[in-house]
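Notes follow once the structure below has been shown.
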There are 2 protein chains.
Amino acid sequence: MTGHAPIPIQFAEPACLRIGAVEFGTGDPALHSFRKNIQTVPANRLLLQDGDDSGKIIIVMDGWLATSKSSLNGEVQLIDFLLPGDVADPTSADGKTAGFSVEAVTDARVCVIPLPAWHSLLAASAPLARAHEHVQAAERSRLSERMLRLGRGSAEGRIAYALIELCLRLKPLGLSENCAFHLPLTQRHIGDFTGLTAVHVCRTLRRFVRNGLVETADHMDIRINDLSALADVAGAEPDRLAAEITPVPD
Amino acid sequence: MTGHAPIPIQFAEPACLRIGAVEFGTGDPALHSFRKNIQTVPANRLLLQDGDDSGKIIIVMDGWLATSKSSLNGEVQLIDFLLPGDVADPTSADGKTAGFSVEAVTDARVCVIPLPAWHSLLAASAPLARAHEHVQAAERSRLSERMLRLGRGSAEGRIAYALIELCLRLKPLGLSENCAFHLPLTQRHIGDFTGLTAVHVCRTLRRFVRNGLVETADHMDIRINDLSALADVAGAEPDRLAAEITPVPD
DNA sequence: CGGGTAATTGAGCTGGTTCAATCTGAGTGG
DNA sequence: CCACTCAGATTGAACCAGCTCAATTACCCG
């Protein structure tokens, strides 16, 4: 699991910290305390293990993270992907145990803040608290949508939904132009995300391509060719979905 | 969907409002503003529809609620059950649309608070904010656990987990004595909760009974006879699970 | 060139669904 | 008191979507 970084990590120096769609820190005294908590992590590194004592939150600055849980026999379920501006709060009801694992999918830069510090930051800055509220709300909505597909959707529906969700989330980050985007994922990731086998992900994706719903290049450069048809398969309305799962500026 | 109340609703007058494991309001000036927001709702009443403009949170005082989403073809996925002390915050990223439906499973009493009022209450009372934090953390952990089963678990695993989760959650409410408890649910509810057909829920429950894992009476009075065996089937550790999904006093 | 990971495709199997019949218990009206 | 109804539970039988196992290909990197 603890992988190697295939390419050297190089990120621009942070001018600010973004939470959802809102930027913080420029000229903010709080930024100073952030700076020393920033770390770069290589792809596939486990940041936090389900069940560990956690006591911190993780803010994604660059790259992709994923939260996950594993069954005893080693099967993995990805709970959510975390993109820049997202916040992972793994704390469960006891206030310390992590309720899921957090791992870097790509090389990433994160800001790790101990819970007490985080709570005082939230208490000190209403805009920060509001932005965090939006990010949490977006995640809640994503989880509900995904839970519906996991429980009631077909393989096609799950994968179609996943593609649309990721497309919509990448758009405000400037990573999805005209429904074309790159997923730094393997088919296994998509399988772990949708509760399917990698084999069946492959078959289903191929079928989408055959039917002209999507195009692929380089295996993970995706272009959604027929969004409304894909949305039908997913049982989703893209516009409403975007409003519900994408944090807004405020 | 808008059902009839089979029995008249009768609840004790509220002395206080409980959030998670913490009671508020006795002598608290904020209680006064709560009181007028309390309402009783009959079983099967829809309190909020997925996609509606919401702008409020719902605190459960008595009875069971459920949050859910439905697919276009009418299949239902229950996202979570809400028990007394739980808080439903259906707001999604846009700050107003409800990301799921909320309905009363049994006759219930709830306290409905508009979001602005709720936010000022949270800002005014650190203990309230902390209690809410715990309730949210408990819900997050439950969702992750359930997502793992939905994506990767067998029917047996999902149902075993659901029984254990509900048993653990009912215990601190005084509704589960010695792993024996009543579920005010039909097998259809359990199916919608676990992403299975009611038929298969029935078969699986019968198998549990045949194998001595659980006993049932009156169809929905459940007794877990062999917790450790059931936990094995569920792939769960009851003690750790209880800590993660049950709000603590503080 | 060799080795390792990911994708692709085929073939057969199976857990859970669907459809359908029966059974049970509570409520209702006579 | 019984007949009727209706929702839920139970059980059987056939079916099928997605899984497993397995072989092949493509690609990257040393």
Side-chain angles (χ1 to χ4, degrees), chain A residues 1-8 43-44 71 73-77 105-106 149-160 162 182-210 214-222 233, chain B residues 1-8 43-44 71 73-77 105-106 149-160 162 182-210 214-222 233:
Chain A
M1 276 301 168
T2 47
H4 45 90
I7 46 170
N44 300 316
S71 62
N73 47 303
E75 289 180 300
V76 177
Q77 176 66 43
V105 173
T106 67
R149 271 82 187 181
L150 231 36
R152 294 306 188 183
S154 64
E156 291 200 347
R158 296 186 204 181
I159 293 179
H182 174 72
L183 297 182
L185 306 172
T186 64
Q187 294 181 345
R188 185 179 214 303
H189 282 122
I190 300 179
D192 289 343
F193 188 51
T194 53
L196 300 166
T197 345
V199 172
H200 203 63
V201 170
C202 178
R203 282 189 227 278
T204 308
L205 269 180
R206 288 303 109 221
R207 197 178 318 141
F208 284 168
V209 171
R210 260 200 313 280
V214 307
E215 276 176 60
T216 65
D218 236 356
H219 287 165
M220 279 299 150
D221 286 330
I222 312 279
V233 174
Chain B
M1 274 301 168
T2 45
H4 45 91
I7 46 171
N44 301 316
S71 63
N73 47 303
E75 289 179 301
V76 176
Q77 176 66 43
V105 173
T106 66
R149 271 81 186 181
L150 231 36
R152 295 306 190 184
S154 64
E156 291 200 348
R158 296 185 203 181
I159 294 179
H182 174 72
L183 297 183
L185 306 173
T186 63
Q187 293 182 343
R188 184 179 216 303
H189 282 123
I190 299 179
D192 290 342
F193 189 51
T194 53
L196 300 166
T197 352
V199 172
H200 203 63
V201 170
C202 178
R203 284 189 226 276
T204 308
L205 269 180
R206 287 302 108 223
R207 195 177 319 140
F208 284 168
V209 171
R210 262 200 312 280
V214 308
E215 275 176 60
T216 65
D218 235 355
H219 287 167
M220 279 298 150
D221 286 331
I222 311 280
V233 174

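The backbone N or O of B:E75 lies less than 3.5 Å from no partner atom in the side chain of A:R152, so there is not a single donor-acceptor pair. Side chain of A:T186 to backbone of A:R188: a donor-acceptor contact under 3.5 angstrom is found. At least one donor-acceptor pair closer than 3.5 Å links the side chain of B:Q77 to the backbone N or O of B:F193.
Comparing C:dT9, C:dG16, C:dA20 against the side chain of A:R206 picks out C:dT9 as the nearest. Picking from C:dG16, D:dT11, C:dT8 the nucleotide with the shortest atom distance to the side chain of B:A155 gives C:dG16. The side chain of A:H200 lies closest to D:dC19, out of D:dC19, C:dA7, D:dT11. Distances from the side chain of B:T197 to the nucleotides C:dA7, D:dT20, C:dT18 place C:dT18 closest. Distance from the side chain of B:L196 is smallest for C:dG16 among the nucleotides C:dG16, D:dG18, C:dT8.
Taking atom CG of B:D218 as the reference point, atom P of C:dG25 lies 10 Å away to the nearest angstrom. The distance from atom CG of B:L150 to atom P of C:dG15 is 19 Å, rounded to the nearest whole Å. Rounded to a whole Å, the CE atom of A:M220 is 14 Å from the C1' atom of C:dT5. In this structure, CZ of A:R188 is placed 16 Å from P of C:dT8, rounded to the nearest angstrom. The interatomic distance linking A:I159 (CD1) with D:dC19 (C1') rounds to 14 Å, in whole Å. Summarising the geometry, the separation between CG on A:L185 and P on C:dA6 is reported as 12 Å, rounded to the nearest angstrom. Counting to the nearest Å, the C1' atom of C:dT9 and the CD atom of A:Q187 are 12 Å from each other. The CZ-P distance, from A:R207 to C:dT8, rounds to 14 Å in whole Å.
In this model, the phosphate group of C:dA6 is not approached by any side-chain N or O of A:T186 to a distance below 4.0 Å at OP1 or OP2. Residue B:H219 places none of its side-chain N or O atoms closer than 4.0 Å to OP1 or OP2 of C:dT24.
In this structure, B:V199 and A:A198 both approach DNA chain C, and ranking their closest nucleotides by distance from the 5' end singles out A:A198.
A:G157 comes within 4.0 angstrom of nothing in the nucleic acid, heavy atoms only. B:R203 comes within contact range of at least one nucleobase, with a heavy-atom separation under 4.0 Å. Using a 4.0 Å heavy-atom distance criterion, A:G191 is classed as making no nucleic acid contact.
Contact check for B:T216 versus B:R206: side-chain heavy atoms found under the 4.5 Å cut-off.
Of all non-hydrogen atoms in A:L150 and A:G195, the two that sit nearest each other are CD1-N, 4.1 Å.
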